[in-house]
Engineer: 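This structure is in structure tokens; I'll ask about it shortly.
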Protein chains: 2
Amino acid sequence: MEAKKQLHSTFSIDCVIFGFDGERIKVLLIERGEEPYKNFIAVPGDLVEENEDLEPAANRILKSLTGLEDIFMEQLYTFGKVDRHPLGRIITVAYYALVNIDTFNPKASSFARKIDWWAIDELPELAFDHNAILAKAIERLRWMANMQPIGLELLPEKFTLSQLRRLYEAILGIELDKRNFRRKITKMDFLIPLDEKQINVAHKAARYYSFNKEKYAQLKEEGKAF
Amino acid sequence: MEAKKQLHSTFSIDCVIFGFDGERIKVLLIERGEEPYKNFIAVPGDLVEENEDLEPAANRILKSLTGLEDIFMEQLYTFGKVDRHPLGRIITVAYYALVNIDTFNPKASSFARKIDWWAIDELPELAFDHNAILAKAIERLRWMANMQPIGLELLPEKFTLSQLRRLYEAILGIELDKRNFRRKITKMDFLIPLDEKQINVAHKAARYYSFNKEKYAQLKEEGKAF
DNA sequence: GCAAAAGTGTTGGTTGTACACCCATGA
DNA sequence: TCATGGGTGTACAACCAACACTTTTGC
């Protein structure tokens, strides 16, 4: 088979893109417009070009779907089972990215017929081994949230402490005590309280915060937080 | 060039094998017998065969050098810079393994002229991007030691608490308080004190311990320890 | 008897956790 | 005035870090 020959021993990138809608962690998935797995939902990905490094390939995919650049993205894991792709031996290097869900509208692209946000606890059956890829990505996200500050990439510029708490709760899948959370997170000193409050809310208006990016980056380096 | 064509767009495994000699963390490196980088020191690795999954490939390499099977091994990271290999586009999936240094003698193999243990703080300049691979592996090892029990794979069946402490010190690159270490590690409950002590030592004989493997595995799952 | 490593407790500070009420706002 | 989520303090337990001396053994 021609396609089979051409695809023999090559590799692709898959890109798990996480967002947070204020309540749940979501992931951006496409509906495949082509065989194999036509019409299946899948993690967006593409073959890596001959002269393309891996990170740029991952960024290319991210940009083609979201228009976003310079986004947090990190290598996740490489999946290489011999039979994972029906057209030949294709190993895939999975990346994951964190994006602010409000800053763009996903757009279909060459390899995607439809594109949508899916809550990570209501995933359909996916193409290829993509359920395994997503499981690994979610596990990594949880791990990260335990070890480092998280949120800069997932929240808007200004956010309330409750939003941040709900983010942690959504990632970790547990409830957090409001008072203890506030104490802990404010003591870590990477939040800047703003002189600005919510308006038009039917309750006491919450203060907005933003991230101190230097401090945030520094804590991320060190690991250990949370 | 024929070789270039044949190697176009394929992938390899590299296998960082850590051991502990009682004092320092060491890593098993080969001297390459072939071009490219002939005579350079390198992390052992090989191309992945057409019908070979990644883990089996990593195990094959480990076994050919050490004779060992069923050893702790985990995927580390995938390195895929376009120009990382002079003969073509070869991305490499790095694994790392932990072995007990006393249970075997490394043996040269098809791809290795010489093979030796190197202390991780006295590494030479390595072939390809292998210094970066090792740096990542050491970083991962440190991270692991902070989050999980470690040692089962690196120590002999029976060991003293001082040996275990020196292992942690070697990995983390810091000194640990003897009393606090004992308290902490024994409270975690994955050690079994044996009715056996050192003999022929010019000081008070230390008790031997062994690992409770179920408990150890369970704590490893959970993460969080240490 | 001396050198070398084993083994052992206490204290003070810090951190984590559980828990309940009043406040500001829009409807 | 009611419903909603914002904001606040305390007490107890667990954990962490610092620290020095006695014991056993071979030489």
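Please read these numbers as outputs of a predicted model, since none were measured by experiment. Residue numbers start from 1 in every chain, and the chains themselves are labelled A, B, ... in the order their sequence lines are given, proteins ahead of strands.
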Engineer: Could you pull out all donor-acceptor pairs under 3.5 Å where a side-chain atom in residues 123-130 of chain A meets a protein atom, sequence neighbours excluded?
Structural biologist:
{"residue": "A:D129", "atom": "OD1", "partner": "A:R84", "partner atom": "NE", "Å": "3.3"}
{"residue": "A:D129", "atom": "OD1", "partner": "A:R84", "partner atom": "NH2", "Å": "3.0"}
{"residue": "A:D129", "atom": "OD2", "partner": "A:R84", "partner atom": "NE", "Å": "2.8"}
{"residue": "A:H130", "atom": "ND1", "partner": "A:V43", "partner atom": "N", "Å": "3.0"}

Engineer: When every nucleotide of nucleotides 18-27 of chain D is labelled 5' to 3' by its protein contacts under 4.0 Å (heavy atoms), B for base, S for sugar-phosphate only, - for none, what sequence of letters results?
Structural biologist: BBB--BBBS-

Engineer: By salt bridge (Lys or Arg N to Asp or Glu O under 4.0 Å), which residues pair with A:K107, not counting sequence neighbours?
Structural biologist: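 With sequence neighbours excluded, A:K107 shows a salt bridge (Lys or Arg N to Asp or Glu O under 4.0 Å) to no residue whatsoever.
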
Engineer: Would you mind reading off the distance between B:R182 atom CZ and D:dA17 atom C1', rounded to a whole angstrom?
Structural biologist: 18 Å

Engineer: Suppose we screen for side-chain contact (heavy atoms from CB on, under 4.5 Å). Which residues come up paired with B:S64, at least two apart in sequence or across chains?
Structural biologist: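 For B:S64, the residues satisfying side-chain contact (heavy atoms from CB on, under 4.5 Å) (neighbours in sequence not counted) are B:S109, B:F111.
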
Engineer: What contact category does B:R207 fall into here, base, sugar-phosphate, or nothing, at under 4.0 angstrom with non-hydrogen atoms?
Structural biologist: sugar-phosphate

Engineer: What heavy-atom pair brings A:Q75 and A:R140 nearest, and what distance separates the two atoms?
Structural biologist: O-NH1, 3.2 Å

Engineer: Strictly by salt bridge (charged side-chain N to carboxylate O under 4.0 Å, His left out), give each pair with a member in residues 141-152 of chain A just once, sequence neighbours left out.
Structural biologist: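 Salt bridge (charged side-chain N to carboxylate O under 4.0 Å, His left out) check on residues 141-152 of chain A returns no pairs.
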
Engineer: Test of understanding: with side chain to side chain donor-acceptor pair (under 3.5 Å), list the residues that count as partners of B:K158, not counting sequence neighbours.
Structural biologist: B:E196

Engineer: Sequence neighbours left out, what passes side chain to side chain donor-acceptor pair (under 3.5 Å) with A:N39? Give chain and number order.
Structural biologist: A:R113

Engineer: Of all nucleotides in DNA chain C with an atom under 4.0 Å from a non-hydrogen atom of chain A, which is the first and which the last going 5' to 3'?
Structural biologist: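 Listed 5' to 3', the contact boundaries are C:dT17 to C:dG26.
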
Engineer: Nearest-Å distance, CZ (A:F181) to P (D:dT8)?
Structural biologist: 15 Å

Engineer: Restricting to salt bridge (Lys or Arg N to Asp or Glu O under 4.0 Å), what partner residues turn up for A:K114, sequence neighbours left out?
Structural biologist: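 Salt bridge (Lys or Arg N to Asp or Glu O under 4.0 Å) check on A:K114 returns A:E31.
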
